[in-house]
Peer 1: 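Please see the structure below; I have some questions.
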Amino acid sequence: MNKKQRKIFILLYFLAFLLLCLSLESYSQTNAVKKYDELINPPLQVSPSPLPEIPANDELVLLLPVLDSTLYKDWVLFESPQVWKAGSEIPFYLLDKQDILYESGIEKVLKVSYKQELSTVEVLIYKFKDLAGAYSAYTIFHYGEVSKLKVGRNVTESNKLLNFWKGNYYIDIHALTENDATSKEFIILYSQDSSKNIQAEKLPPVVAIQLPALYRVQGSEKYCLGEICCKRFLANNDLDIDFSNLNIKESEGIIKAEYQLSEDIKDKDKDTIQLLLARYIKKETAQSVFNLLEEKFEKKKMDMDIDDSTVIIKIKKDDYLLFKQKGNLLAIAYAVKNKKSGEQILKLVPWPIEITKPIVLPTEK
């Protein structure tokens, strides 16, 4: 190889080396840009299979308010509506309520959730076969204090939720965090819209209406349609009665409420009385249950007195239990510190007026 050929070879080698460096630099820059883009705009992840869609015209879905940019600014659907129907596999969020729900005549439950940045709200709409089941669910499942909001027939609220009852529906709207003002604002607005979508304007069950209003502690009502509910929400150490003996199946339900005779806050614990009211389909059934209770306490040889068809049982000092029956109504007052207070509460019950035919003497014919 002569001198001229050697120069050409060196020049070609240098050019080849330069091209290789430029190629490596370009690859490095491209790779860095690619990584940066992935950080800013990560590749789409393969999402899990969506839940089965429910018909858009499902009854419960039609009760949901429509989100719009004016009233519900920046709120979006976070979890699509899911409807559970009685008879199908129970979802996890209803496991602790399933026996009570079936006893109360549940038909279906809708669950849906909404989100705005860090705020999340869940909505549960329970539909029952009749208003008695819906009213029962409200009384035993609701949280919070009695509210003055014009929502449903009865409503309670706290800093994170709002529960109400209307017609055959019990509605639970709650935030996932406490003291979230953004969620609470959404909850109030959403509950008002939901209530408007339920057209039924039905009164509570008759036995709830017959529960005395005077001296009643608002929000203390518990209404049950079966033994499971009674044993879980009505039974306590102050009531020595087996609910299986009350023949609940032949009744229109049993309701309990607290009564406060004293207006003095210091005397609140001393004068709180529990009142059970059962309304039976037939007065003969009410009479039978009354007789059974009377026999039970007689056998126990309790300190018992009967005054104006009211049975007064002295459990121990400053602890009385009273019960009375008239027509198809049976009332039981317990956790009574003073028997006169118990008698006062029983007198408030709107007992049926039994009209008997006048005796016609032969001379009056």
Side-chain angles (χ1 to χ4, degrees), residues 140 207-208 210-212 214-217 220-262 267-352 354:
I140 60 180
V207 68
Q210 291 182 300
L211 196 66
L214 187 63
Y215 304 124
R216 191 199 311 170
V217 178
S220 66
E221 302 86 357
K222 299 289 183 185
Y223 176 57
C224 290
L225 295 169
E227 288 184 28
I228 298 175
C229 176
C230 287
K231 291 177 180 179
R232 187 177 302 181
F233 296 99
L234 303 187
N236 59 47
N237 295 330
D238 294 318
L239 184 61
D240 184 21
I241 289 178
D242 185 352
F243 284 97
S244 62
N245 294 329
L246 297 186
N247 206 347
I248 303 171
K249 291 182 179 180
E250 299 298 322
S251 75
E252 297 175 9
I254 297 179
I255 192 165
K256 183 196 83 166
E258 295 180 4
Y259 287 81
Q260 178 63 54
L261 295 179
S262 175
D267 293 338
K268 187 172 183 179
D269 293 334
K270 295 181 180 179
D271 295 317
T272 299
I273 295 174
Q274 307 291 332
L275 177 66
L276 280 179
L277 190 64
R279 176 185 169 90
Y280 291 90
I281 300 171
K282 298 179 181 179
K283 66 178 183 179
E284 291 80 9
T285 308
Q287 180 69 59
S288 174
V289 173
F290 176 85
N291 293 339
L292 187 65
L293 291 176
E294 189 175 9
E295 291 173 7
K296 171 191 172 181
F297 287 106
E298 283 180 345
K299 290 180 180 179
K300 286 189 173 184
K301 297 182 179 181
M302 305 287 290
D303 186 349
M304 185 168 65
D305 186 23
I306 300 178
D307 182 16
D308 189 25
S309 72
T310 300
V311 177
I312 305 171
I313 311 293
K314 185 176 182 180
I315 308 297
K316 55 186 178 181
K317 185 180 179 181
D318 297 331
D319 186 8
Y320 295 86
L321 183 147
L322 300 84
F323 56 93
K324 178 178 179 178
Q325 173 265 328
K326 191 173 183 180
N328 65 341
L329 282 184
L330 171 70
I332 304 173
Y334 61 100
V336 179
K337 306 291 183 182
N338 184 316
K339 68 177 181 179
K340 290 184 178 179
S341 298
E343 291 175 319
Q344 183 179 351
I345 290 297
L346 290 182
K347 287 179 180 178
L348 296 176
V349 176
W351 297 103
E354 297 182 350

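All values below come from the heavy atoms of this structure, side chains included, with hydrogens, waters and symmetry mates left out.
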Peer 1: How far does CD of Glu227 sit from CG of Asn247, to the nearest 0.5 angstrom?
Peer 2: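 Those atoms lie 9.0 Å apart.
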
Peer 1: Check whether any side-chain N or O of Ser288 sits under 3.5 Å from a backbone N or O of Thr285 as a donor-acceptor pair, and report yes or no.
Peer 2: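 Answer holds: no.
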
Peer 1: For the residue pair Val207 and Ala278, what are the closest heavy atoms and their distance?
Peer 2: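 That closest heavy-atom pairing would be CG2-C, 4.4 Å.
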
Peer 1: Starting at CD1 of Ile255, measure out to OG of Ser220 and round the result to the nearest 0.5 Å.
Peer 2: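 Going from the CD1 atom of Ile255 to the OG atom of Ser220 covers 9.0 Å.
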
Peer 1: Looking at side-chain heavy atoms only, is the closest gap between Glu250 and Lys282 below 4.5 Å?
Peer 2: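 Contact flag for Glu250/Lys282 side chains = no.
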
Peer 1: Might you point out which heavy atoms bring Leu261 and Gln344 nearest each other, and give the distance in Å?
Peer 2: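 Closest heavy-atom pair between Leu261 and Gln344: CD1-OE1, 3.9 Å.
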
Peer 1: In Å, rounded to the nearest 0.5 Å, how long is the span from OH of Tyr320 to OG of Ser341?
Peer 2: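 The distance works out to 10.5 Å.
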
Peer 1: Minimum heavy-atom separation for Met304 to Phe297, with atom names?
Peer 2: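 Answer, listing the atom of Met304 first, then Phe297: SD-CB, 4.1 Å.
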
Peer 1: When rounded to the nearest 0.5 angstrom, what distance separates CD1 in Ile228 from CZ in Phe233?
Peer 2: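 Reported value, rounded in 0.5 Å steps: 11.0 Å.
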
Peer 1: Using a 3.5 Å distance criterion without hydrogens, assess whether the side chain of Gln325 forms a donor-acceptor pair with backbone atoms of Gly327.
Peer 2: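 Pair found, side chain donor or acceptor close to backbone of Gly327.
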
Peer 1: I want to check something: taking the side chain as every heavy atom from C-beta on, are Glu221 and Arg216 in contact at a cut-off of under 4.5 Å?
Peer 2: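 A side-chain contact exists here, since the closest heavy-atom pair is under 4.5 Å.
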
Peer 1: Measuring only between side-chain heavy atoms, which start at C-beta, is Tyr215 closer than 4.5 Å to Leu348?
Peer 2: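 Yes; the side chains approach each other to less than 4.5 Å.
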
Peer 1: Do Pro212 and Ile345 have side-chain heavy atoms sitting under 4.5 Å apart?
Peer 2: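 No, their side chains stay 4.5 Å or more apart.
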
Peer 1: Could you state the interatomic distance from CD (Glu295) to CG (Asn291), rounded to the nearest 0.5 Å?
Peer 2: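 Atom-to-atom, Glu295:CD and Asn291:CG are 6.5 Å apart.
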
Peer 1: Find out whether Thr310 and Leu346 are in side-chain contact, i.e. whether some heavy atom of one side chain is under 4.5 Å from a heavy atom of the other.
Peer 2: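 Yes, their side chains come closer than 4.5 Å.
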
Peer 1: Grab the two heavy atoms, one from Ile248 and one from Ile254, that are nearest each other, plus how far apart they are.
Peer 2: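 For Ile248 versus Ile254, the nearest heavy atoms are CG1-CD1, 3.8 Å.
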
Peer 1: How many angstroms lie between NZ in Lys324 and CD1 in Ile312, if you round to the nearest 0.5 Å?
Peer 2: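 Lys324 NZ to Ile312 CD1: 10.5 Å, rounded to 0.5 Å.
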
Peer 1: Who are the disulfide bond (SG atoms under 2.5 Å apart) partners of Cys229, not counting sequence neighbours?
Peer 2: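 For Cys229 the disulfide bond (SG atoms under 2.5 Å apart) partners, ignoring immediate neighbours, are Cys224.
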
Peer 1: Go through the steps to decide whether Ile315 and Met302 satisfy the test side chain to side chain contact (heavy atoms under 4.5 Å, CB included), and finish with yes or no.
Peer 2: CA-CA 7 Å; Ile315 308 297; Met302 305 287 290; 3.9 Å; yes

Peer 1: Crowded around Lys222 NZ? As in, over 12 foreign heavy atoms under 6.0 Å?
Peer 2: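 For Lys222, atom NZ is crowded (more than 12 foreign heavy atoms under 6.0 Å).
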
Peer 1: List the atom of Ala257, the atom of Leu211, and the distance in Å for their closest heavy-atom pair.
Peer 2: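 Shortest heavy-atom contact: CB-CD2, 3.5 Å.
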
Peer 1: If I compare all heavy atoms of Trp351 with all of Ala331, which pair ends up nearest, and what's the gap?
Peer 2: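 Heavy-atom minimum between the residues: CH2-CB, 3.5 Å.
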
Peer 1: Against Tyr334, only a single residue in Leu321, Ile313, Asp240 fulfils side-chain contact (heavy atoms from CB on, under 4.5 Å); can you say which?
Peer 2: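 Option passing the side-chain contact (heavy atoms from CB on, under 4.5 Å) with Tyr334: Leu321.
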
Peer 1: For the residue pair Phe243 and Leu234, establish whether any side-chain heavy-atom pair is separated by less than 4.5 Å.
Peer 2: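 Yes, at least one pair of side-chain atoms sits under 4.5 Å.
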
Peer 1: Indicate yes or no for a side-chain donor-acceptor contact from Asn328 to the backbone of Tyr280 under 3.5 Å, with no hydrogens or angles considered.
Peer 2: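 Such a contact is found between Asn328 side chain and Tyr280 backbone.
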
Peer 1: Looking at side-chain heavy atoms only, is the closest gap between Ile306 and Glu294 below 4.5 Å?
Peer 2: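 When only atoms from C-beta onward are counted, Glu294 and Ile306 do touch, with a gap below 4.5 Å.
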
Peer 1: With a 4.5 Å limit on heavy-atom distance, are the side chains of Asp307 and Glu343 in contact?
Peer 2: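 Asp307 vs Glu343: side chains touch.
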
